[in-house]
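Here the structure comes first, spelled out in structure tokens, and everything after it is commentary.
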Amino acid sequence: MNEPASRHHFVTGDSALFGWGLDYQETIHRLLQERLQNYEVENMTLTGYSTVHALLQLQKAAPDIRC
């Protein structure tokens, strides 16, 4: 069993980063997870989201993030 990652990489964005129309294996968050094995890649993308939504999500997920 793998140990939990101590570092996180957050992916935020709209349908383009969500991978609309792609198979899961082709999505950016899946490809990043494969390459960044010491990180937990967290997919926070959703269709229709804007930069304001992304900021709110990041602030909730990681309260130390400041703007």
- Query: Hey, quick one: are Leu22 and Trp20 part of the same hydrophobic cluster, counting side-chain heavy atoms closer than 4.5 Å, chains of contacts allowed?
  - Reply: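 No; tracing contacts between hydrophobic side chains, which count when under 4.5 Å, never links both residues.
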- Task: Treat each ILVMFWY residue as a node, draw an edge where side-chain heavy atoms are under 4.5 Å apart, and state whether Leu46 and Val41 are in one component.
- Result: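 Per the 4.5 Å side-chain linkage, Leu46 and Val41 are not co-clustered.
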- Message: For a 4.5 angstrom cut-off between non-hydrogen side-chain atoms, does Arg7 reach Asn38?
- Response: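 They are not in side-chain contact.
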Over all heavy atoms of both residues, which pair between [X] and [Y] is shortest? Give the atoms and the distance, please.
{"X": "Val11", "Y": "Ile28", "answer": "CG1-CG2, 4.1 Å"}
{"X": "Asp14", "Y": "Gly48", "answer": "CB-N, 4.4 Å"}
{"X": "Phe10", "Y": "Met44", "answer": "CD2-SD, 3.3 Å"}
{"X": "Phe18", "Y": "Thr45", "answer": "CA-OG1, 3.2 Å"}
{"X": "Glu26", "Y": "Leu31", "answer": "O-CD1, 3.8 Å"}

- Item | Electrostatic pair Arg30-Glu34, nearest N-O below 4.0 angstrom |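 The answer is yes: the pair qualifies as a salt bridge.
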- Taking ring-ring contact (aromatic ring centres under 6.0 Å, His included) as the test, write out the residues that go with Tyr49, two or more places apart.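 If we apply the ring-ring contact (aromatic ring centres under 6.0 Å, His included) test to Tyr49, skipping adjacent residues, the hits are His53.
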- Query: To the nearest 0.5 Å, what is the distance between OG1 (Thr51) and CG (Leu56)?
  - Reply: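 Thr51 OG1 to Leu56 CG: 9.5 Å, rounded to 0.5 Å.
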- Output all residues satisfying side-chain hydrogen bond (donor to acceptor under 3.5 Å, both in side chains) with Thr27, sequence neighbours left out; order by chain, then residue number.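 side-chain hydrogen bond (donor to acceptor under 3.5 Å, both in side chains) check on Thr27 returns His29.
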